[in-house]
Amino acid sequence: MQPDLFANTSQQAGSEHVAQRATWLRAELNRHNHAYYVLDHPSIPDAEYDRLFLELVGLERAHPELLAPDSPTQRVGGAPLPQFEQVTHAVPMLSLGNGFDDEDIVAFDRRVREGLQLDDEVEYATELKFDGLAINLRYEDGVLVHAATRGDGATGENVTANIRTVRAIPLRLQTATPPKVIDIRGEVMMFKADFAKLNARQREAGQKEFANPRNAAAGSLRQLDSRITAQRSLRFFAYGIGLLEGADMPASHAALMDWYAGLGVPVCVERAVVKGAAGLLDFYQAIGSKRNALAYEIDGVVYKANRLQDQQKLGYVSRAPRFAIAHKFPAQEAMTVVQGIDVQIGRTGAVTPVARLAPVAVAGVTVTNATLHNEDEVRRKDVQIGDTVIVRRAGDVIPEIVAVVPERRPTDAQPFVMPVLCPICGSPIVRAEDEAVARCSGGYIKCAAQRKGGLQHFVSRRAMDIEGMGEQLIDQLVDKNIVTTAADLYRLGLTALAELDRMADKSAQNVLSALEKSKATTLARFIYALGIRHVGEATAKELARHFGKLDVLMDASVEDLMEVADIGPVVALSVRQFFADPLSRELVEQLRAAGIHWSEHEGVEKVVKPMQGKTFVLTGTLPTLTRDAAAEMIEHAGGKVAGSVSKKTSYVVAGEEAGSKLAKAQELGIVILDETGLIELLKEVHEENH
DNA sequence: AGGCCTCGAGTTCC
DNA sequence: CTCGAGGCCT
C-alpha cells in the first residue's frame, strides 16, 4: 500500500486549491463521523453530511490522484472478494473464564488476591460483555492496515474490506505521534435499533430475517461483497490490546481505554474502576438493572485487574487470563404456549414425549421443541397441552421447560397421555416396573422407527463413520423397504440409489465410496456400531481391548464378560443375549462377508503404558488438535478419557471456551493442562519409558 | 446398603 | 446438557 498518494498533487496545475478543499472535506467528514458514531452526538444534520460527502466523492473522481486510503469515501466498499484469507494473530485472542453467581466472583477475587499476595482490596476495571464479534484491528503508523476476526483465537479471517466500511472505526488514529504498530481489540456489533431496521428491510425485500443482532453482525461481517456490509450500520467498541510497538503500554486498563478514546477509537462509557469483590457485584447489579435500556445487547459484564503489573503477575491459565473473568447474566427465559405433546421413538424403542411449542426466541434462537424426557417428568412439571410455560436454554444450548404458569392454564387444557400403542408400528408400549422409560415392544423387526434409529447409529461418525448417510437418506431407504439391516447398506447400488429423491449420480457415487471407505474399521467401532444395549463407546473399546478378536467375544459367557473392567451382570447379560440371537450372528457374518474388516490381536495386552490408570477430561476447543485426536493420543498412551470431572480425574485438558468442567476442575484442584501441556506430558512420559 | 462415579441414551438448533 | 441407571468402593 502506498502511504502517501498526495505526493504528486503539486504537479497538477491549478489543483492546489482542489487538494486543499479535499483535505478539508475529509477532516470535516471525519469529525462528524466521530461525533456521530463515537461520541454518539450528531454535530450536523444528515442531509448536510451527505452533501459534503458527495462533494468529496466528486472531487476524488475528477482527481483520482487525491484518493487517500483513509478518506471517508473509501468506506463504501469495493468488489467482492473470492473468500477470506486466514490471518494468524501476533498475540493470541483469548477467551475469558465465566462466573455465574456471586460465589464465583468472590472466588475469583480471592484467587486474584492470593495470586498477588495482597490483603488489600484489588483495583478492578469493569466493563460490559458485548454480544457481538471480537475483532483485531491492526494500525501501522496510525493507519488501519488490516482487520481480522477472532477465529479460534490463534487464527482468524481477514475482514479488512468489510471493517473499513464500519464508520465507527477510524481509518486513521487521531494523533500526531501514533505507535509504530498497535493491535486494537474490541467487539463489532449491531445496535438493537439498527437490527430492527435491518430486519424490516429484509422482510420487505422478501429476504431472510436475522435471529438476533449478533447473528446479523456476524452475517454482515462475513459478506464477501463489502458493499453490502457498508449498508449494515455496524458499531464497534474497543476493550483490549494485542501487539504494541513504538509506544509504552499504559499502566492500567482504565488508562488504555482513555488512551483509545483520545485516539478517536470508540470505547463504551459503561465502565468503571472499582475496589474489591463488593465493587464488582455493585457494578453487576447496576448494569443488570439497566440492561434492557442499553442500545445494544450484552450477555454479562467483565472484570479485569486494572493495573498492568497485576495482570502480568497473575498471568494465564489454560488460554484464559487469570486476571479477568466474565460475569454472565442468567440464561434468558421466555414464555410460550405448548401446542401439543408428541412422542418420538428412539433406536432402543424408548418413547420420549416432546413438547411442540409456539415458536419463541430464547437467548438468541427460535425454539419450537423441548424434550420432556419421560412420563414422570411430564407429571412432575405438570405440563399440559395448552399451557403457557417458561422456556430456558439449559447451559445456553438445549431448550428446557422450566415451569408452567398455572394461572394461565386454559379450562380446556389436555393432560399428556402416554400412548398405549406405538404410533409408528402399532406394537404395545410397555414400561418396566422399575424403569422411568417406556418402550415400544416392536423391536427392530416390526418398528421402522427403531430400524431408522439403529441404522443412524450404525453409520454415525463414532461408529462406522459413513459420510453422506444422513437422516433424510435413511428415512427414505427404510420407508421404501430398500434397506432393513445394516448389511443391506453394503448391497446398495447405483440403480437403487437413483430411485431416491434428491439423489443425483454424483451424490450416489459419494455415498457408495463412503460405504466402501467405511469397510476398513476397528473392532471397537464395529462393536459399538452393532448397537448392543448398554454398550456405548467406552464399553465397546474395553470389550475390544479385552477380547481382541470378535469370535472370542461372540462366544464369551456371562462369566467371561464379567471379567472385563466396568462390566457387571446387566451389561454382561445384554452382550450375551445379543450374540446368542441367531439374527445377530447372521448380521455379523453378512457384514464381514461384505468386506468389513479390522485388525485383531491376542486378547488383553500386558504392556504397561505410561498413562495407565490416569483419567483425562477434555473441555473446550483446543487450538490445533481436534477432540478426537487428543483422545486418541491419550488412549494411545494408555490413559482414559472420561466425560465429566470428579475427584478421580487426573488431568483436565482445557481449550477455548471451556465451561463448567474447567470451573469444577479448579474447584477440586485438579491439574489443568492446555494443549501444549498435554503434548509435553505425553512426550515426557514417553521419553522416560525409553 | 448407600454413595459416588461413569457411561449410555436421547435431545435441540444451525 | 441432562437424566437414569449400572458398576464399584466403602
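Residue numbers start from 1 in every chain, and the chains themselves are labelled A, B, ... in the order their sequence lines are given, proteins ahead of strands. For the numbers below, each heavy atom of this structure counts, side chains included, while hydrogens, waters and symmetry mates do not.
- For the pair A:Leu372 CG and C:dT2 P, the interatomic distance rounds to 16 Å; values are reported in whole Å.
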Listed pairs under 3.5 Å, donor-acceptor, residues 557-569 of chain A side chains, sequence neighbours left out:
unit_1	atom_1	unit_2	atom_2	d
A:Ser557	OG	A:Glu559	N	3.4
A:Ser557	OG	A:Glu559	OE1	3.4
A:Ser557	OG	A:Asp560	N	3.1
A:Ser557	OG	A:Asp560	OD1	3.4
A:Ser557	OG	A:Asp560	OD2	3.2
A:Asp560	OD2	A:Ser557	N	3.0
A:Asp566	OD2	A:Lys640	NZ	3.3

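- Following rounding to the nearest Å, A:Glu471 (CD) and B:dC13 (P) show an atom-to-atom distance of 13 Å.
- Taking A:Asp102 as the reference, A:Leu281, A:His327 meet the side chain to side chain contact (heavy atoms under 4.5 Å, CB included) condition, with sequence neighbours excluded.
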Only pairs under 3.5 Å count here: list side-chain donor-acceptor contacts from residues 424-431 of chain A, not counting sequence neighbours, and write none if there are none.
unit_1	atom_1	unit_2	atom_2	d
A:Arg431	NE	A:Glu435	O	2.9
A:Arg431	NH1	A:Glu375	OE1	3.1
A:Arg431	NH1	A:Asp376	OD1	3.4
A:Arg431	NH2	A:Asp376	OD1	3.2
A:Arg431	NH2	A:Asp376	OD2	3.0
A:Arg431	NH2	A:Glu435	O	3.4

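- For A:Thr348, the side chain to side chain contact (heavy atoms under 4.5 Å, CB included) criterion is met by A:Ala350, A:Arg439, A:Arg533, not counting sequence neighbours.
- At the phosphate of C:dC3, neither OP1 nor OP2 sits under 4.0 Å from any side-chain N or O atom of A:Asn374.
- At the heavy-atom level, A:Val437 lies nowhere under 4.0 Å from the strands shown.
- You'll find that the side chain of A:Pro569 is closest to C:dG7, out of C:dG7, B:dT12, C:dA5.
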Which pairs of donor and acceptor atoms, one on a side chain in residues 523-530 of chain A, lie under 3.5 Å apart (sequence neighbours left out)?
unit_1	atom_1	unit_2	atom_2	d
A:Arg525	NH1	A:Arg461	O	2.9
A:Arg525	NH1	A:Ala463	O	2.6

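- Separating the CE atom of A:Met562 from the P atom of C:dG6 is a distance of 14 Å, rounded to the nearest angstrom.
- Between A:Asp342 atom CG and B:dT12 atom P the separation is 11 Å, expressed in whole Å.
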Close N or O pairs between protein and nucleotides 7-10 of chain B (under 3.5 Å):
unit_1	atom_1	unit_2	atom_2	d
B:dC7	OP1	A:Lys640	NZ	3.3
B:dC7	O3'	A:Thr539	OG1	3.4
B:dG8	OP1	A:Gly536	N	2.7
B:dG8	OP1	A:Gly536	O	3.4
B:dG8	OP1	A:Thr539	N	3.0
B:dG8	OP1	A:Thr539	OG1	2.4
B:dG8	OP2	A:Glu537	N	3.4
B:dG8	OP2	A:Ala538	N	3.2
B:dG8	O5'	A:Gly536	N	3.4
B:dA9	OP1	A:His534	N	3.1
B:dA9	OP2	A:Arg347	NH2	2.9
B:dG10	OP1	A:Thr348	N	3.4
B:dG10	OP1	A:Thr348	OG1	2.6
B:dG10	O3'	A:Thr352	OG1	3.2

